[in-house]
Structures are given as structure tokens and as C-alpha cells.
Asks: 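I am attaching a structure below and will ask some questions about it afterwards.
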Amino acid sequence: MQPDRTEHEPDALEDALSNLEQALRALPVALPVPDREERRSTRDRVASDVAGQRARWRDREAPLLVVIGGGTGAGKSTVLNTLVGKPLAATGVIRPTTSSPTLVATPGELSWFTSERVLSDLPRVERRGRGPVGERDARVLHLVPSHALPHGLALVDAPDIDSIRTEHRDLADALLDAADVWLWLATARTYADEQGMAYLRRAARRRTALAVVLTQVHERDVGELTQDLEHKLAGEGLDGVQRLVVPYAPTDGERLPGWAIDELRSWLWTLARPSARAQLRHQTLDGALEALHHEVAPVLEAGRDDRAAVERLAASADRAFGEAGQRVGAALTEGLPLRQEVLARWADLVGGQRFREFVESATGMVKGWLREALHRRTDAEEQRVEREVRAEIGGAVAERITETLDLLAAEVAESWEAEPAGAGVVAGHPDLRRAAPMVRDRAGDAVVEWQDTIAELVRTKGAERRVRARWLSTLVNAAATGAIVLAFASTGGLTGVEVGIAASASAANQWLLTKLLGEQNVRWLLQRVRDDLLERVEALAREERARFDAALDGLAPEPEALERLVAALRAVEAAREQVT
């Protein structure tokens, strides 16, 4: 490691670790999948680990933190009580006895741990009284001054790694991540357990300074057990690890006899020497930095998985709602579902002699006196029929649009529910299984605007043809309605009289539009009738699609956030190379 910097000198490694911590904490873990809480816990643990490494690098003169870890009944609290010469941590047959950690250091060095350097999310309680910590004191870090320890050394007993309580296991993991040295305790019964070996493999991967202590060992078993332990450690790449034995001895006042831990105490006290302290801190910190890629990888992979899942869900919605216009168009091509009596009245109106004369008047094909007479004779009947047909068409088209959007919403929800991430999203937003409640009103408004637009196009094209400017609005609206009927006319599914009525109406509409606008304009208008409607359908589909977007919003990291995490990790690796 490079020499200590001055107070105001920038530190590339500290800054890089700070940026990495921020990038980790900013990464959302919000997608409602079954293992979300586990993944969120992993992210937070890694971020806290990075914060601890930054603190260790910044506070390189702090006492060496030795964490006493292991499984239930290994004797962690008993060993701590024996080392400091008084009962600080509770022991007993009821498990777990260590519900919150107790940190012991010399009075002059306890201040190193009053900050957020270790277990930043736990409040600190400094204890100067006698007696062990009880269950009532959980969720705090107890700070205990003791003259029994040498300068440069701090001890903390961790909760059991195999505790039945999740918060205890999480605390143990956080402490072990923050440790400069692991003092790993195991009994003759538990030293080869897979759970404990998994922790030791983690220590090997991070090159953590480590001592493995066999506790409660009868003298007759020492040789056999230590030999087997040596063999197992070698198999895990830990053949150079310090191995110690605490022989079986009766406890007195929650402590062992002093002679039972002489070997352990002697080894621990050597760690407090400045040279040993610097070497061990260098080893553990550099190993932890080197292992960061391995630690961050699951977080990064989970973020990428969430991003991919959200993109799959979004693509599914895109495909479905992208077909809205096509589906409505295909449905209307099959024919407007107008009632026979309405269609018959419409055919009678636009095909009747009186209406034909009215059209001839508007196009200047009759004398002025007749035109004025026809104008006077035009009454509310034509307007009533046109409004009725217009409303019938509007209702039929709006209903078809509403049905299509409702069906598309159901299809998207069903496709999302086929995978865990989507199922969680739909469960949280059950309204996605149907179109929005206001979609029917919005569809109705869109259809009214569409009909008005077609009427305006008829008026514009009529003006281009020099049709009389004062022709009645009834004729304009009738021509617009006729264009809509003609554009979506079909005899599919019709039989007998219905076919004849539909054919008659189509012929009358064709004559009306051609007379007013000309054949070329009619062809243009009929295409515009379809295009304008489908554009409005697609706009409505985009509004519906936005509900699904909103449900996915913030559930996965943005690509830029993932890139920032990768860049921050690389920056730490580069800074580490500069100081090793």
C-alpha cells in the first residue's frame, strides 16, 4: 500500500470505492419476482461491504478488527468473556444467545468505532457497567472499553451464522465483511459442516486473514481432529491458515479458565504489533478489493436480468398494441354492423329522388328557381335520418375499438403472467387485465372527431369542385356519412334482403360522392376515411400502452445505471493496481 496521504490530498481508491457504493445503492431491485428481497439484501450487503472497505482504507491507523464468528454453540461469547476477563456477552443453553454484537477495544481506541465504520445502520451504545448483553439490547452495536486488550486490537463477537433468525445471520455476514481478521470457532461436531466450510471458502476467495479454532476439544481427540481439520482446510485452499485449539474445560461465571485460551490469547496479542497489523490489514483489504468483481457480479447479473425481463414485457405490449389499428381495420372491413332498418332508411334517403334533386341543385345542374325551391323544401327529416345513421355508425365503430383495446389489454396481461416478473407486475396492477375505464368515452370522442374531420374534407373537396358554397350542412354531413359507409361497406355475412339493401346503399353513396367530388377525389377520400380512423385508433392504443409502461416504470435499472456500475467497478480495480 502507498504511504498515507495528507488530510487534503485526493485519494483515487477512496473516491472509486465511494462511487461504486453509490452506483450499487442507486441500482433498483424492484421487479416483483419471488427472490426480490434476497436480491435486494445482496445488493445492500455488497454496498455496505464496499463502504466498509473504503472506511478501512481511509482509517488505516485504526485498531485491527477481529471478528469472532462461527455457528451456534461454538463458544464465541465464552471466548470473548475469557479474553477480557469478565462476562460481557451472554452465554447459555438457549440459542441464539448473541442477538446483537459487542465490540471491545481499549478506552483510548474505542472512538474509532463510534462512527459508521462498522455496521453503519446500527446505533451505538457505549457500555461501562458490568453484566452481559441481553436480548432486550438487540439491534445495537455495544461498545465496551477494556484495559484487558492490547492497543491496536479490537474484538467483536458476531451472532451465529446458522441462527434461525434472518437478522442475526445478516448481522454476522456484515461483521465478517467488515473484519480485518476472522477468528473462526467450531466444535469437534461442527467444524466440517458445509455451511461453515462455505464461509471458509469465502474467506479464501477474499484472502481474509483467518484463524480456525477448534473449541471444546477433549485432550484425547486433539491429534485426530487437528489432522482432519488440516486436511479439510488444505482441500479448500486454506492450508496456510492458523489453526488453534481451545481444550474442553468447565466454565465459571460464563468464562473458561485462563489457561484454556493461552495459545489463542498469545496469537491474538501478536496481531496488535504495528508490523503485523499493517500486514494483515493489507492482506484482507487487498483480497477484498480483488474479490469485488465476484461480489458485485450477482448484483450486476440480477440488474441485467431485471432489465431484460422488463424489455421482454415491454416488447410484448408493443407487439400487441401495435396491432390495434390493423385489428380494427380488419374488423370494419368485414362490414359495419348497422341495423337493417337504419341501413334501409339511409338507402331510401340518399337514393331518393328528392335527395338526388337536391344534389343536382348543389352542383349547379338545375335552374336557380328550382334550387331555391329545393332549399326551402329541405326539412328536418333528412337531418334526422343523417344524424341517426351518423350516431349508429359512431356507436358501432366506437364499440369495435373498445372491444379491441379491451381484448389487447387482456392478451398482454395474459402474456405477462406467463413469466414470474410479469405475473408479479399484473398482480400489483390488476386493472391491466382490462382496458382503462374511460377508454369507451375516449373512443367515442375520437370517432366524433373522425366524423367531423371527414365532413370537413368533403366540404374542402366540394369547394375545389366549385360546388355551391351555400349547400346545406345536411348534404355535407350526408356525403361524409356516405363516404364512411362506402369505405367500410361489405356484404359478408348478409343474406337475402340485407344484401339488396346494402348494395342499394353502396350504389347511392357512390353516386352521391362522385357527383359532388369527382371519381379521383372519391378514391382519395375513401382511403383517407380509413387512414384517419386507424391513426386515431393507434393514438388510443398508445394511451392504453402507456398504462403498461407506467406499471414497468422504475422496476429495472436503466442501461446507463448498469454501465455506471461496470465503470465504477473498473475504476476500483484500476485504483487498486496503483496502490498494491
Side-chain angles (χ1 to χ4, degrees), residues 28 30-33 306-338 390-454 484 487-488 490 527-559:
L31 199 63
V33 291
D306 285 358
R307 180 76 251 158
V310 164
E311 288 174 352
R312 282 196 307 273
L313 298 177
S316 174
D318 280 339
R319 285 191 299 271
F321 285 105
E323 297 177 356
Q326 178 184 348
R327 290 201 190 186
V328 171
L332 293 178
T333 297
E334 296 176 1
L336 284 168
L338 303 179
R390 182 185 178 94
E392 181 86 1
I393 290 173
V397 174
E399 184 65 25
R400 191 59 56 90
I401 293 172
T402 302
E403 289 175 354
T404 299
L405 294 178
D406 202 39
L407 179 61
L408 288 173
E411 289 178 1
V412 174
E414 184 178 2
S415 72
W416 281 18
E417 289 177 312
E419 63 173 285
V425 175
V426 174
H429 300 81
D431 57 303
L432 294 178
R433 296 188 178 97
R434 298 199 58 179
M438 295 300 293
V439 75
R440 188 177 300 276
D441 292 339
R442 290 200 297 267
D445 292 343
V447 169
V448 170
E449 292 172 2
W450 167 61
Q451 291 173 322
D452 291 343
T453 297
I454 301 308
I484 293 170
F488 295 110
S490 173
Q527 185 60 49
R528 195 72 194 99
V529 166
R530 294 183 63 88
D531 292 346
D532 188 271
L533 174 63
L534 299 189
E535 287 171 6
R536 296 176 191 276
V537 170
E538 289 164 0
L540 289 171
R542 286 192 293 273
E543 292 179 12
E544 281 297 291
R545 171 72 179 82
R547 296 193 306 126
F548 288 80
D549 282 336
L552 295 176
D553 188 41
L555 294 186
E558 294 298 326

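Values reported hereafter were calculated over all heavy atoms of this structure, with side chains retained and with hydrogens, waters and symmetry mates removed. Note that the structure is predicted; figures quoted are calculated from it, not measured.
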Asks: With distance as the sole test, does S316 use its side chain to make a donor-acceptor pair with the main-chain N or O of R312 at under 3.5 Å?
Replies: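 No; judged by distance alone, with no hydrogens or angles, the pair does not exist.
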
Asks: Go through L540 and I401 one step at a time and tell me if the side chain to side chain contact (heavy atoms under 4.5 Å, CB included) criterion holds.
Replies: CA-CA 9 Å; L540 289 171; I401 293 172; 3.9 Å; yes

Asks: Stepwise, does the side chain to side chain contact (heavy atoms under 4.5 Å, CB included) test hold for V529 with W450?
Replies: CA-CA 8 Å; V529 166; W450 167 61; 3.6 Å; yes

Asks: Test salt bridge (charged side-chain N to carboxylate O under 4.0 Å, His left out) on D531 and R536; report intermediate values, then the result.
Replies: CA-CA 9 Å; D531 292 346; R536 296 176 191 276; over 6 Å; no

Asks: Got a second to check how far R307's CZ is from L555's CG, nearest 0.5 Å?
Replies: 9.5 Å

Asks: Is it the case that the side chain of D306 and the backbone of L31 share a donor-acceptor pair, with hydrogens and angles ignored and the cut-off at 3.5 Å?
Replies: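 Judged by distance alone, no pair lies under 3.5 Å.
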
Asks: Considering residues, nucleotides and ligands other than E414, do more than 12 of their heavy atoms fall under 6.0 Å from its CD?
Replies: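 No, because the 6.0 Å sphere around CD of E414 holds 12 heavy atoms or fewer from other groups.
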
Asks: Any donor and acceptor pair, going by atom type alone, linking the side chain of E544 with main-chain N or O of L405 inside 3.5 Å?
Replies: no

Asks: Minimum heavy-atom separation for A413 and V426, please, with both atom names.
Replies: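 Residues A413 and V426, closest heavy atoms: O-CG2, 4.0 Å.
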
Asks: So which atom in V439 and which in A435 form the shortest heavy-atom distance, rounded to 0.1 Å?
Replies: CG1-CB, 3.6 Å

Asks: What are the two closest non-hydrogen atoms of A30 and G554, and how far apart are they?
Replies: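 Distance-wise, the nearest heavy atoms are CB-O, 3.8 Å.
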
Asks: W416 and L552: side chain to side chain contact (heavy atoms under 4.5 Å, CB included), yes or no, with the steps?
Replies: CA-CA 11 Å; W416 281 18; L552 295 176; 3.6 Å; yes

Asks: Roughly how far apart are D445 CG and M438 CE, rounded to 0.5 Å?
Replies: 8.0 Å

Asks: CG/D549 to CZ/R542 distance, rounded to the nearest 0.5 angstrom?
Replies: 12.5 Å

Asks: Calculate, to the nearest 0.5 Å, the distance between atoms CG and CD belonging to L533 and Q451 respectively.
Replies: 9.5 Å

Asks: Of all heavy-atom pairs between D452 and R390, which one has the smallest distance, and what is that distance?
Replies: OD1-NH2, 2.6 Å

Asks: Within the side chain of R545, is there an N or O that forms a donor-acceptor pair under 3.5 Å with the backbone of A314?
Replies: yes

Asks: State, to 0.1 Å, how close A331 and R400 come at their nearest heavy-atom pair, and which atoms those are.
Replies: CB-NH1, 3.2 Å

Asks: Please report the interatomic distance CG(D406) to CZ(R433), rounded to the nearest 0.5 Å.
Replies: 13.0 Å

Asks: Apply salt bridge (charged side-chain N to carboxylate O under 4.0 Å, His left out) to residues E538 and R327 and explain how you reach the verdict.
Replies: CA-CA 10 Å; E538 289 164 0; R327 290 201 190 186; over 6 Å; no

Asks: Assess whether side chain to side chain contact (heavy atoms under 4.5 Å, CB included) is satisfied between R319 and V412, documenting all intermediate values.
Replies: CA-CA 9 Å; R319 285 191 299 271; V412 174; over 6 Å; no

Asks: Which atoms form the tightest heavy-atom contact between A427 and P430, and what is the distance?
Replies: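 Where A427 meets P430 most closely, the heavy atoms are O-CD, 3.7 Å.
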
Asks: For the residue pair T453 / R528, report whether a side-chain donor-acceptor contact shorter than 3.5 Å exists.
Replies: no

